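Notes for the one structure printed next.
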Amino acid sequence: MRRTRILTAVLALAAGLLAGTPPALAADSTAKVSLAADTYTWKNARIDGGGFVPGIVFNRSEKNLAYARTDIGGAYRWQQSSKTWTPLLDSVGWDDWGHTGVVSLASDAVDPNKVYAAVGTYTNSWDPKNGAVMRSSNRGASWQKTDLPFKLGGNMPGRGMGERLAVDPNKNSVLYLGAPSGKGLWRSTDSGVSWSQVANFPNVGNYQQDPSDTSGYASDNQGIVWVTFDESTGTSGNATETVYVGVADLQNSVYRSTDAGATWTRLAGQPTGHLAHKGVLDAAGGYLYLSYSDKGGPYDGGKGQVWRYATATGTWTNISPVAEADTYYGFSGLTVDRQKPGTVMATAYSSWWPDTQIFRSTDSGATWTRAWDYTSYPTRANRYTMDVSSSPWLTWGANPSPPEQTPKLGWMTESLEIDPFDSNRMMYGTGATLYGTENLTNWDSGGQFTIKPMVQGLEETAVNDLASPPSGAPLLSALGDVGGFRHTDLTKVPSMMFTSPNFTTTTSLDFAETNANTVVRVGNLDSGPHIAFSTDNGVNWFAGTDPSGVSGGGTVAAASDGGRFVWSPAGTGVQYTTGFGSSWSASSGIPAGAIVESDRVDPKTFYGFKSGKFYVSTDGGATFTASAATGLPSGDSVRFKALPGAKGDVWLAGGATDGAYGLWHSTDGGASWTKLSNVDQADAIGFGKAATGASYQTLYTSAKIGGVRGIFRSTDKGATWTRINDDAHQWGWTGAAITGDPRVYGRVYVSTNGRGVIYGDTSDTSGGGGTDPTDPTDPTPTGACAVTYKITNQWSGGFQADVQLSNTGSSAWTGWSLVWAFPNAQTISQTWNAESAQSGSTVTAKNVGWNANVAAGSSVSFGFTGNWSGTNGKPTAFKLGDQACTVA
C-alpha cells in the first residue's frame, strides 16, 4: 500500500538495534538449556496477498515457470498444478532480515532450474547490512549467496522499476545488476558467484525522489533501474552483443552496448524529461518499448509517456495511449505478447483515482484501447469483470460513488506480464494483491475478460500484534496496510478486514481476558478516530473518541473484565477511560509513549514500560508508579505480557546487544524481576495451552537460546526450551509479536515483517518436553523407529524431499544417525537440519546439535535437495543403527 509499509519495517528494525543498559539483575542459575527436537508443521493463516507486488517474471523457455517478488516479503514461485505460489526465502534468518526485501528477480532461459534474486530492503541506515545476490540451481528450493559491497532497496522509492537483474539469454554465465546509490552497473561472468563493477558504464544515475530528506530514504539516488538483452544479437554460448540499460536520470535514461558490454553510449534521439520505468524488447517485432513517468514511483507520478524504439533503424516513435497533457499519472507496467508480435500493454501505475488504467494495443502502439472507458461521466464501461470471491476483503467493505468502483482494478500497478506461452494469461501486481486473467484475448474480440486474484500462497502482510482469545475466534491480528483480520478458520481467507473504521495500519489490539467478546484496537488513519471497540469478539466494530493530540495508534490495553481501557497513543500522553472511550482522562506517573498492557486477573491493574522503567497502576490506569526494579532494557525495544490466570505474573522480553537483552519474569506485578540465564536474547513473549500434566502455561518466544536464533517453546516455566522452527523456516524478523493458542496445545502464532501470520502445530500431541543433553544417563538411539520420506518438489534433473524420523520406542534418543540407499543412483546436493554423507547410493544423515534429542513418541524432520536422472524412486528401507525402521 502506501507509507505504512515503510513505517512498519522501520519499527521492526528497532528490535535489537536500540541502546541497552549495563548488565541486568541477578539471574536464575538453576535454569537449564535443553534444545530438544520437535517436529512442527508451519503454515500461513490465510489472508492471500496484503502487500505490494512490484515484479512478476516468466521464464522465456519453460511453460508455467513464473516468479513474483515483493518489497519486504520475499520471493515466490508459481505452482501450476495448484495455481498457488510457493515461498522461496523463508530460510532468511534474523541477522539477515533485510534480505527478505527483493529488488529484482531473474529466471534463466538457458537453464530454467536457475533463478537469481537481488535482495536487500533499505539503502539507508535502516538496514545495517549490504545487499546480496542469491542464486539457486533448483528453482529456489535452496540458495547460495554472494554479498555485495553496497546496499539494495527492495522497499525503497523506485522499487517498481526494473528488472534490475538480468541473465544473458545466450550465455547464461553472464548477468548484469543495476545498483542504486550511485554504485553503477555490475556484471558477473560466473553465474552470479562473483561480481565486479562495469567501470566504463557512463552514468550511475542522479534521480532522487526528495533530495532534502535527511533520513536517506527519499534522497537516495535510484541508480540503474533495468537491463534488457536483445537476444537476436547473439548465438548460443556467446555473449549477447546488444544490451540496453535504463538509468534513473530524467535527461539520459537509456544506454546501449553493441559489443557485449565492452563499450556503452547514450541512445541517440531518446525522449527527455522522464524516467524509463521499464524497457521491454520485442525481438521478433524489432522494437524496444519503454514506459515513462516523471517520477520514480511507486506512489508518485503525474505525467507519463510510452515510446517505441526501432532497433534496426534507430527511429523513436511516441506511441503514448494518452496525450501527455491529459495524463495525471505515469506509465510503468509494460509487457508484450511473445505469441503475437505487435501486441503490447501498459499501465497507468499512479492513477489512484478513480482507478488504475490498463492499455492494450495489437498494432505495436499505433492505436490503443482501455480496460475501462467513460460512457457518460461518471458512468464507466469495463472491458472486464472482477471476481474477488476468493479474497472478498479486496472490496474493503467500501461503497464508493461513481466513477470509483469496488473492488478497484488496482493501484501501484508497476508489474504487468503476459504469459510468453499463453496469450490468454496475464498477471499484474497491485499494492494489495496479485491479479490475473486466463481469457485476456476476449479484450480483442469485444467480449469481457475475467480478473481474479491469482495470489493464494503469497502472503505479504507486516504483523504488529497478535491475540488468541480463550473463546471466539482463535486469532485476531493487527497488520500494516490492511488493518487486521478476525480468523475463525486459519485455512480460509476472512471475508473482510476490520472495518468501522478501517485503519490503514493497526498498531495494537487487546481483548478482555475474562470477557473475550470485548476487544479494542488502535491504529493509524489519515483522518478520523484512532481507536475502535467490539463487543462481539471482533465481528463488528464501532469507533471511539480520540483524546486531544492523538496522531497515531500506539498501544492499548483492555481491563481483564472489559470495563475500562488504557491507551498510550502517538502524539499525546497515556490515557484511561471507563466504558468505551467516549471520554478520556490523562494518566499520571507514566511518560508519554510508554507501552501498556493489562493484568489478566485484576481489572484495576495495568502495566507500562518506557526507557528501562516498569510502571504499575492499581486504580484502573488513573495513576502509575514506577517500579524500583533496575537492570531492565534501557531502550524501548521491549514487549511484555501478563500471564492469564495469575495476578501479577508478568514476562518481559527485549533489549539490545550493547546492553541488557533477554527474558525477565516477575511474580509480584513488576516490583522485582528475575532474568532467565538460559536465554541469550529475546524479543517477544507469549503464552499458550499448558502441556499435559504441566501446572504452568506454555511459553513461546522469538529468541536466541543456546547461541541459536529461532522460535522456542517451554513447558516448564522457562527451565528448559525447545526450538520448534528450523533453518528452512525463519522468516527474517519475527520480533513484533508471538502468542500461543489457549485452546490447542503446541499451536503458536508468529508475526513476520512481510510474510504474514505464520502458525505452527506440533506433532507432539502428548505435550511431552524432551530430554536434557547434559544428562549422561540419557540412552543412545535404540528401539523402534518410523520414517516418512516425501518428495515435496521435483523438476527436470532435480528434486526436494523431506524426511520425518519418529521415535516409536519407549526411550529417548540423545543423538541419531539414519541410513538408507537410493534405488536409482540419486545424489544429495544440499541438506538442512541434518548432516549428510553419501557413498555410492548409500546416504547417512546425522543430527545437528540442536535436534539431537528426540523424546519417545516425538519426531524430528530434515530435508534435502538432490539430483536424479531417468527415475526418482523412493528408498524402501531405513536403518537407525542396527534397527530397521518402519516406512510409512
Side-chain angles (χ1 to χ4, degrees), residues 55 57 59 65 67-70 74-77 86-121 127 129-152 154 163-168 171-177 179 186-196 709 726-732 792-802 826-838 845 848 862-868:
V57 174
N59 186 276
L65 180 57
Y67 297 88
R69 62 179 171 95
T70 68
Y76 293 80
R77 185 184 62 245
T86 297
L88 302 178
L89 294 181
D90 285 356
S91 60
V92 173
W94 179 276
D95 291 338
D96 294 326
W97 66 264
H99 291 171
T100 61
V102 185
V103 73
S104 192
L105 285 173
S107 181
D108 190 339
V110 177
D111 182 355
N113 287 330
K114 292 183 177 180
V115 62
Y116 301 85
V119 297
T121 300
D127 188 342
K129 286 205 168 186
N130 283 340
V133 174
M134 302 183 72
R135 62 191 187 275
S136 173
S137 58
N138 52 23
R139 306 179 186 227
S142 61
W143 298 89
Q144 294 174 291
K145 182 177 69 174
T146 296
D147 291 316
L148 297 168
F150 52 86
K151 295 183 179 184
L152 293 175
E163 293 290 320
R164 297 172 185 256
L165 182 64
V167 183
D168 191 318
K171 188 175 183 179
N172 66 333
S173 59
V174 175
L175 292 90
Y176 284 91
L177 171 66
W186 290 67
R187 179 169 49 210
S188 173
T189 58
D190 55 8
S191 299
V193 176
S194 62
W195 293 83
S196 59
R709 257 288 169 186
D726 54 43
D727 289 349
H729 300 89
Q730 299 191 76
W731 315 291
T792 57
N793 195 10
Q794 182 171 298
W795 56 93
S796 177
F799 71 106
Q800 180 176 337
D802 286 344
Q826 299 99 319
T827 59
I828 285 181
S829 55
Q830 185 174 0
T831 307
W832 50 93
N833 300 328
E835 295 178 356
S836 67
Q838 184 167 356
V848 290
F862 61 93
F864 64 87
T865 55
N867 306 301
W868 66 285

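Note that this is a predicted model, so its numbers are computed, not measured.
Here the straight-line distance linking atom CG of Asp96 with atom CZ of Arg709 works out to 12.5 Å at 0.5 Å rounding.
Formation of a donor-acceptor pair under 3.5 Å by the Thr831 side chain with backbone atoms of Glu835 is not found in this model. Judged by distance alone, with hydrogens and angles left aside, the side-chain atoms of Gln144 form no donor-acceptor pair with the main-chain N or O of Ser137 at under 3.5 Å. Between the side chain of Gln730 and the backbone N or O of Ser91, at least one donor-acceptor pair lies under 3.5 Å. Formation of a donor-acceptor pair under 3.5 Å by the Arg69 side chain with backbone atoms of Val103 is found in this model. In this structure, the side chain of Trp143 engages the main chain of Leu88 through a donor-acceptor pair within 3.5 Å.
For the residue pair Glu163 and Ser104, a side-chain donor N or O sits within less than 3.5 Å of a side-chain acceptor on the partner. Under 3.5 Å, the side chains of Asn172 and Asp108 contain a donor-acceptor pair of N or O atoms. Defined by atom type and a distance below 3.5 Å, a donor-acceptor pair is missing between the side-chain atoms of Ser191 and Arg135.
Using the six-membered ring where Trp is involved, Trp186 and Phe150 have ring planes that are tilted, between 30° and 60° apart.
When the options Leu105, Thr146, Leu165 are evaluated for a side-chain contact (heavy atoms from CB on, under 4.5 Å) with Tyr116, the one that passes is Leu165.
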ask   = Going through the checks in order, is the side chain to side chain donor-acceptor pair (under 3.5 Å) test met by Tyr67 and Arg77?
value = CA-CA 4 Å; Tyr67 297 88; Arg77 185 184 62 245; 5.4 Å; no
